[in-house]
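Quick caveat: nothing in here was measured; it's all calculated off a predicted structure. First listed ligand is number 1; within each ligand, the first listed atom is number 1.
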Amino acid sequence: MTRVSIKVDGVEYEDDVEPRTLLVHHLRERLGKVGTVVGCDTSNCGACTVLMSDADGRQRSVKSCAVLAVQANDREIITIEGLSGPDRTLHPVQRAFHQAHALQCGFCTPGMIMAAVDLLEENADPTEEEIREGLEGNLCRCTGYQNIVRAVREASAEIREIHGTAEPAPPSPLAGEDETPDSGLKRDNVPDETIPQPVP
Ligand code: FES
Ligand code: FES
């Protein structure tokens with residue numbers, strides 16, 4: 001057993017862990033952070049993504065099934081459960097996912113949101129292409145990604161507005177509207193909205 005001290009969602013935890021324990025299992029099974037989910041356990045799907053401070057204290061997204069709990073010693077972790085404000089106000093990315101209908105079953109959503117938060121830290125005004133590229137490690141089996149991209153664009157505009165840095169970005173087109181591969185189809189008839197799609 002190894003003693004680890006990890007700050008998670010603002011609370012310091014000290015625990016003895018097996019050296020082989022994965023961070024995602026530590027978060028879920030020891031600390032009860034079940035908002036972080038396991039989709040594959042093999043670092044492919046991104047469902048387990050959380051933010052973890054690096055050596056410089058900067059929060060970066062990591063797949064917590066690819067990190068040992070001991071590697072998080074003396075680091076700070078933020079999970080989906082710690083993303084909202086102290087008064088439970090949703091983070092702009094959470095709000096945008098809700099408003100833009102960027103989820104269906106919701107299984108990918110915690111990881112997708114955490115990855116999007118990191119993406120927007122890196123790039124405050126990403127293009128649709130940059131969002132797709134930035135989230136390519138996070139898989140969604142339900143949505144076809146279109147509304148996820150739209151949500152991230154809307155969140156980026158809101159965050160930039162809050163920080164007063166730039167003009168809000170124009171909304172990303174909805175599936176079935178102009179400039180999408182489904183252009184001309186009614187939303188109800190857009191096949192990509194309901195079948196698994198890899199990020200192009
Ligand atoms: Fe970690 Fe799938 S559970 S990447
Ligand atoms: Fe179901 Fe993404 S909403 S996997």
Side-chain angles (χ1 to χ4, degrees), residues 6 8-9 17-54 59-72 75 77-83 90-120 128 131-155 172 174-176 180-182 187-188 190-200:
I6 310 174
V8 181
D9 295 338
V17 298
E18 296 267 6
R20 63 184 178 180
T21 302
L22 298 176
L23 178 60
V24 68
H25 294 145
H26 182 63
L27 291 171
R28 287 177 55 85
E29 290 155 26
R30 185 71 69 89
L31 307 185
K33 295 287 180 182
V34 292
T36 301
V37 297
V38 181
C40 66
D41 234 350
T42 53
S43 72
N44 283 304
C45 73
C48 64
T49 303
V50 297
L51 300 180
M52 181 166 112
S53 58
D54 63 16
Q59 294 286 344
R60 309 302 303 252
S61 64
V62 296
K63 293 177 176 176
S64 59
C65 75
V67 177
L68 295 168
V70 292
Q71 291 176 299
R75 300 294 173 98
I77 304 288
I78 300 176
T79 76
I80 190 73
E81 295 173 52
L83 199 57
L90 293 181
H91 185 282
V93 177
Q94 291 176 302
R95 192 159 45 244
F97 267 63
H98 178 230
Q99 287 171 349
H101 307 292
L103 59 136
Q104 287 181 17
C105 80
F107 199 81
C108 70
T109 310
M112 198 70 84
I113 287 176
M114 301 314 280
V117 169
D118 185 30
L119 170 70
L120 294 178
E128 184 166 338
I131 293 168
R132 288 181 183 276
E133 193 179 318
L135 298 181
E136 67 186 357
N138 290 73
L139 305 181
C140 175
R141 301 195 311 168
C142 308
T143 64
Y145 297 100
Q146 195 67 27
N147 283 355
I148 290 175
V149 173
R150 186 173 150 237
V152 177
R153 294 265 288 157
E154 290 182 5
S172 178
L174 283 166
T180 76
D182 310 311
R187 277 187 67 74
D188 291 348
V190 175
D192 288 353
E193 293 272 279
T194 51
I195 60 173
Q197 290 288 309
V199 176

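- Taking 4.5 Å as the limit, some side-chain heavy atom of D41 sits within range of a side-chain heavy atom of L22.
- Ligand 1 lies under 4.0 Å from heavy atoms of V38, G39, C40, D41, S43, N44, C45, G46, C48, K63, C65.
- Atoms of ligand 2 lying under 4.0 Å from at least one heavy atom of G106, given by number and element, are 1 (Fe), 3 (S).
- Under a 3.5 Å cut-off, the side chain of S64 and the backbone N or O of L23 do not form any donor-acceptor pair.
- V37 is linked by a side chain to side chain contact (heavy atoms under 4.5 Å, CB included) to R28, A47, F107, counting only residues two or more places apart in sequence or in another chain.
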I77 vs L51, side-chain contact (heavy atoms from CB on, under 4.5 Å): CA-CA, chis, key distance, verdict: CA-CA 6 Å; I77 304 288; L51 300 180; over 6 Å; no

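- Within the structure, every pair that satisfies the salt bridge (Lys or Arg N to Asp or Glu O under 4.0 Å) test and touches residues 91-105, not counting sequence neighbours, is listed here: R95-E158.
- Between the side chain of E81 and the backbone N or O of V34 there is at least one donor-acceptor pair closer than 3.5 Å.
- For C142, the nearest N, O or S atom to atom 1 (Fe) of ligand 2 falls under 2.8 Å.
- The salt bridge (Lys or Arg N to Asp or Glu O under 4.0 Å) check on D118 picks up R58, R60, with sequence neighbours excluded.
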